[in-house]
Amino acid sequence: MQIIVLGATGRVGKQIVKQLLDRGHSVIQIVRSARNIPTRDNLKTVEASLLNLSPEEFLSYVKDCDVVMSALGHRMDLFGIPFFGLWQPPRDLCLHAAKMTCEAVENLDKPIKVIWLSTVGIITPENKNDYNTKTLQTLKDIIPPQKVLLNLISIIFVTQERV
């Protein structure tokens with residue numbers, strides 16, 4: 001199985017890539033800097049910023065994959081100050097990557113699985129009035145990177161056929 005991993009250099013992304021390779025999968029990882037990335041069999045590293053990739057370039061990497069997996073996130077700290085990183089750019093990285101992934105998948109002639117890891121919940125019509133969902137909604141409204149992304153993912157989750 002060929003899998004493209006976004007956010008492959010983060011804490012979770014590194015573990016995902018390692019486990020996928022250990023299980024014999026072929027992995028493509030798109031990273032901003034390939035400077036400290038070790039080489040391994042079945043691992044292709046693309047050095048590029050997701051914010052600067054054109055939809056056509058991204059599609060060229062996704063088209064032969066069976067799965068797109070995202071472990072993208074935002075830095076939680078900045079200069080050692082907890083949570084300060086949440087308000088620093090690029091605040092739209094996850095949103096941009098989610099939109100680009102959806103557009104790429106829609107342009108494929110074959111089904112492809114998309115796995116989007118996140119540390120925040122997704123609000124669906126079935127649970128929109130419970131206490132946990134109201135708490136998530138409040139957090140979504142005050143934590144900048146998640147504000148728009150959660151709305152997009154919620155819409156995708158509710159409207160797309162589940163595989």
Side-chain angles (χ1 to χ4, degrees), residues 1-78 80 82-83 85-86 88-122 124 143-163:
M1 190 176 280
Q2 185 156 321
I3 302 165
I4 189 165
V5 179
L6 310 177
T9 58
R11 289 182 190 161
V12 174
K14 285 179 186 176
Q15 292 302 314
I16 290 170
V17 170
K18 180 186 179 313
Q19 289 186 31
L20 290 172
L21 291 171
D22 289 349
R23 291 182 172 133
H25 297 292
S26 178
V27 176
I28 299 172
Q29 59 182 358
I30 299 177
V31 299
R32 286 175 295 186
S33 173
R35 190 171 7 147
N36 296 319
I37 306 279
T39 57
R40 283 191 60 181
D41 290 340
N42 296 326
L43 176 64
K44 177 181 178 181
T45 301
V46 175
E47 189 169 11
S49 169
L50 287 172
L51 294 171
N52 297 330
L53 274 179
S54 71
E56 295 78 21
E57 286 176 289
F58 186 70
L59 180 60
S60 73
Y61 298 120
V62 172
K63 69 180 171 127
D64 295 323
C65 291
D66 303 296
V67 178
V68 175
M69 181 176 269
S70 173
L72 287 171
H74 292 272
R75 288 192 58 149
M76 292 296 288
D77 68 331
L78 186 66
F83 301 107
L86 288 174
Q88 300 304 308
R91 289 193 288 236
D92 62 346
L93 173 65
C94 293
L95 174 63
H96 179 77
K99 284 181 177 180
M100 194 163 50
T101 300
C102 291
E103 289 171 8
V105 169
E106 287 176 351
N107 288 314
L108 294 174
D109 294 332
K110 65 174 188 162
I112 186 170
K113 290 185 180 180
V114 176
I115 301 170
W116 208 271
L117 304 177
S118 177
T119 57
V120 294
I122 297 175
T124 65
I143 300 175
Q146 308 303 336
K147 190 173 184 177
V148 178
L149 177 64
L150 276 177
N151 285 330
L152 174 68
I153 291 176
S154 295
I155 291 166
I156 292 166
F157 180 77
V158 171
T159 60
Q160 296 295 316
E161 180 179 57
R162 297 179 189 168
V163 179

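In this text, all values refer to a predicted model and were calculated from it rather than measured experimentally.
No option in V67, I28, V46, I112 other than I28 meets the side-chain contact (heavy atoms from CB on, under 4.5 Å) test with I4.
Rounded to the nearest 0.5 angstrom, I16 CD1 and R11 CZ are separated by 14.0 Å. To the nearest 0.5 Å, the span separating CG on L20 from CG on N42 amounts to 11.0 Å. Rounded to the nearest 0.5 angstrom, W116 CH2 and T101 OG1 are separated by 4.0 Å. L21 CG to L43 CG: the interatomic distance, rounded to the nearest 0.5 Å, is 5.5 Å. Atom CD of Q29 sits about 13.5 Å away from atom CE of M69, to the nearest 0.5 Å. The structure places CE of M1 at 12.0 Å from CZ of R23, a figure rounded to the nearest 0.5 Å.
The salt bridge (charged side-chain N to carboxylate O under 4.0 Å, His left out) search around D64 returns none, not counting sequence neighbours. D22 meets the side-chain hydrogen bond (donor to acceptor under 3.5 Å, both in side chains) test with K18, R40; sequence neighbours excluded.
Here the closest heavy-atom approach between residue V31 and residue A8 is recorded as CG1-CB, 4.3 Å. Taking both residues in full, the closest heavy atoms of A48 and I30 are given as O-CG2, 3.6 Å, listed atom of the first, atom of the second, then distance. Contact record, V12 with A71: CG1-CB, 4.2 Å, taken as the closest heavy-atom pair.
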Report the C-alpha separation of T39 and T45 in whole Å, then their side-chain angles, then the decisive distance to 0.1 Å, and conclude whether the side-chain contact (heavy atoms from CB on, under 4.5 Å) test is met.
CA-CA 8 Å; T39 57; T45 301; over 6 Å; no
Given the rule in the side-chain contact (heavy atoms from CB on, under 4.5 Å) test, do K113 and D66 qualify, once you have shown the distances and angles that lead to the verdict?
CA-CA 6 Å; K113 290 185 180 180; D66 303 296; over 6 Å; no
Is there a side-chain contact (heavy atoms from CB on, under 4.5 Å) between S33 and E47 once you walk through the steps?
CA-CA 6 Å; S33 173; E47 189 169 11; 4.2 Å; yes
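Of the possible donor and acceptor atoms, one in the side chain of K110 sits under 3.5 Å from a partner among the backbone N and O of C65.
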